Amino acid sequence: MDVIRVQADDFSLATEYEACATEAGRDCGAVAAFVGLVRQADDDAKVVGLHLEHYPVMTEESIEKIVHEAHQRWSLQHIRVVHRTGALNAGSQIVLVVVASSHRPDAFAACEFIMDLLKTEAVFWKKEIRSDGEVWIKSTAGDYDRRDGWKNTVASSLKR
């Protein structure tokens, strides 16, 4: 069973990796992971931190939908998504995606796919705390382009 957690507390990549590999079982041949950090600069302003808000049920459901779609596209044994909320300092871990599969291409592609869709489809409100004030952050045109690129992409290793 996949794991999706939205939490204020920090996470351990090593602990989450080990849990993913264990849950994936003996057929696991690859584990891909991505850790996102709160940027320390944006444009010309120093970023002090980030404040993330969410609506619990809606947020988890939006992430579950992304994870389900990843399973539809690739042959995956286990997925773990941990996304932090609340006040985070610059340089802090904000998101973790860990994907286990029998094959490396599936693990890499699914990990990137999940992260790309988290940027546009997961329900979070993000406020960047900067040296020159506070700014609500929206998904960028580049974020939407990456998401839309997946709509036209068929994974070469779909469901072996």
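Since this is a predicted model, take the numbers as computed values, not measurements.
When every heavy atom of Ala32 is checked against every heavy atom of Ala107, the shortest pair comes out as CB-O, 3.5 Å. Here the closest heavy-atom approach between residue Ala90 and residue Gln40 is recorded as CB-CG, 3.7 Å. Between Leu117 and Glu69, the shortest heavy-atom contact is CD2-OE1, 4.1 Å. Minimum heavy-atom separation, Cys111 to Ala33: SG-C, 3.9 Å. In plain terms, the two heavy atoms of Tyr55 and Trp125 that are nearest each other are N-CZ3, 3.6 Å. Closest heavy-atom contact between Met1 and His78: O-CE1, 2.8 Å.
Tyr144 and Val123 sit in two unconnected hydrophobic clusters of ILVMFWY residues. Membership requires side-chain heavy atoms under 4.5 Å apart, directly or through other members. When hydrophobic clusters are built by joining Ile, Leu, Val, Met, Phe, Trp and Tyr residues whose side-chain heavy atoms come closer than 4.5 Å, directly or via intermediates, Val47 is not grouped with Val135. Neither Val98 nor Val67 shares a network with the other; the hydrophobic side chains, linked directly or stepwise wherever heavy atoms of I, L, V, M, F, W or Y lie under 4.5 Å apart, form separate groups for each. The cluster map of Ile, Leu, Val, Met, Phe, Trp and Tyr, joined by side-chain heavy atoms under 4.5 Å apart, puts Leu52 and Ile114 in the same cluster. Hydrophobic cluster membership differs between Ile4 and Met58, with clusters built from Ile, Leu, Val, Met, Phe, Trp and Tyr side chains linked at under 4.5 angstrom.
At least one donor-acceptor pair under 3.5 Å links the side chain of Ser102 to the backbone N or O of Asp27. Ser139 places a side-chain N or O within 3.5 Å of a backbone atom of Lys119 that can act as its donor or acceptor partner. Ser131 contributes a side-chain N or O that, together with a main-chain N or O of Lys46, makes up a donor-acceptor pair within less than 3.5 Å.
Summarising the geometry, atom NE2 belonging to His51 is positioned 14.0 Å from atom CD belonging to Glu128; distances are rounded to the nearest 0.5 Å. The structure places CD of Glu61 at 6.5 Å from CD of Glu64, a figure rounded to the nearest 0.5 Å. Interatomic distance, NE2 of His68 versus CD1 of Ile79, reported as 10.5 Å (0.5 Å rounding). Atom OG of Ser12 sits about 8.0 Å away from atom CD of Gln93, to the nearest 0.5 Å. The NE2 atom of His83 sits 9.0 Å away from the CZ atom of Phe11 when rounded to the nearest 0.5 Å. In this structure, CG in Leu37 is found 8.5 Å from OG in Ser92, a value given to the nearest 0.5 Å.
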ask   = Yes or no on side-chain contact (heavy atoms from CB on, under 4.5 Å) for Met115 and Val95, after CA distance, side-chain angles and deciding distance?
value = CA-CA 9 Å; Met115 194 58 231; Val95 63; 3.8 Å; yes
message = I'd like to know whether Ile137 forms a side-chain contact (heavy atoms from CB on, under 4.5 Å) with Lys127, so could you lay out the CA-CA distance, the side-chain angles of the two residues, the decisive distance to 0.1 Å, and finally the verdict.
response = CA-CA 6 Å; Ile137 299 174; Lys127 183 174 19 174; over 6 Å; no
key: Derivation of the side-chain contact (heavy atoms from CB on, under 4.5 Å) call for Gln7 and Val82   = CA-CA 7 Å; Gln7 62 191 44; Val82 181; 3.7 Å; yes
query = Are Ile94 and Leu50 close enough, and set up right, to give a side-chain contact (heavy atoms from CB on, under 4.5 Å), and what steps lead you there?
reply = CA-CA 9 Å; Ile94 184 173; Leu50 193 63; 3.4 Å; yes
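A donor-acceptor contact closer than 3.5 angstrom links the side chains of Thr140 and Asp143. Donor-acceptor pairing under 3.5 Å is lacking for the side chains of Glu53 and Thr85.
Side chains of Ile66 and Leu118 form a contact here, defined as non-hydrogen atoms less than 4.5 Å apart. Contact of the Glu16 side chain with the Arg5 side chain is registered, since non-hydrogen atoms from C-beta on lie closer than 4.5 Å. In this structure the side chain of Val3 never reaches within 4.5 angstrom of the side chain of Val81, judged on heavy atoms. Using a 4.5 Å cut-off on side-chain heavy atoms (C-beta onward), Asp9 and Arg84 make no contact. Between Val99 and Phe34 the shortest side-chain heavy-atom distance does not fall below 4.5 Å. You'll find the side chain of Val38 stays beyond 4.5 Å of the side chain of Asn89, heavy atoms only. Between Trp136 and Lys126, the closest side-chain pair of non-hydrogen atoms is not below 4.5 Å. Put simply, the side chain of Val57 does not reach to within 4.5 Å of the side chain of Thr59, judged on heavy atoms.
For Phe108, the CZ atom is loosely surrounded, since the number of other residues' heavy atoms within 6.0 Å does not exceed 12.
For Asp2 and Arg80, the salt-bridge test fails: no basic side-chain N is under 4.0 Å from an acidic carboxylate O. Electrostatic pairing of Arg147 and Glu121 counts as a salt bridge here, judged by a charged N lying under 4.0 Å from a carboxylate O.
Between Trp150 and Trp74, the ring-plane angle classifies as perpendicular under the 30° and 60° cut-offs.
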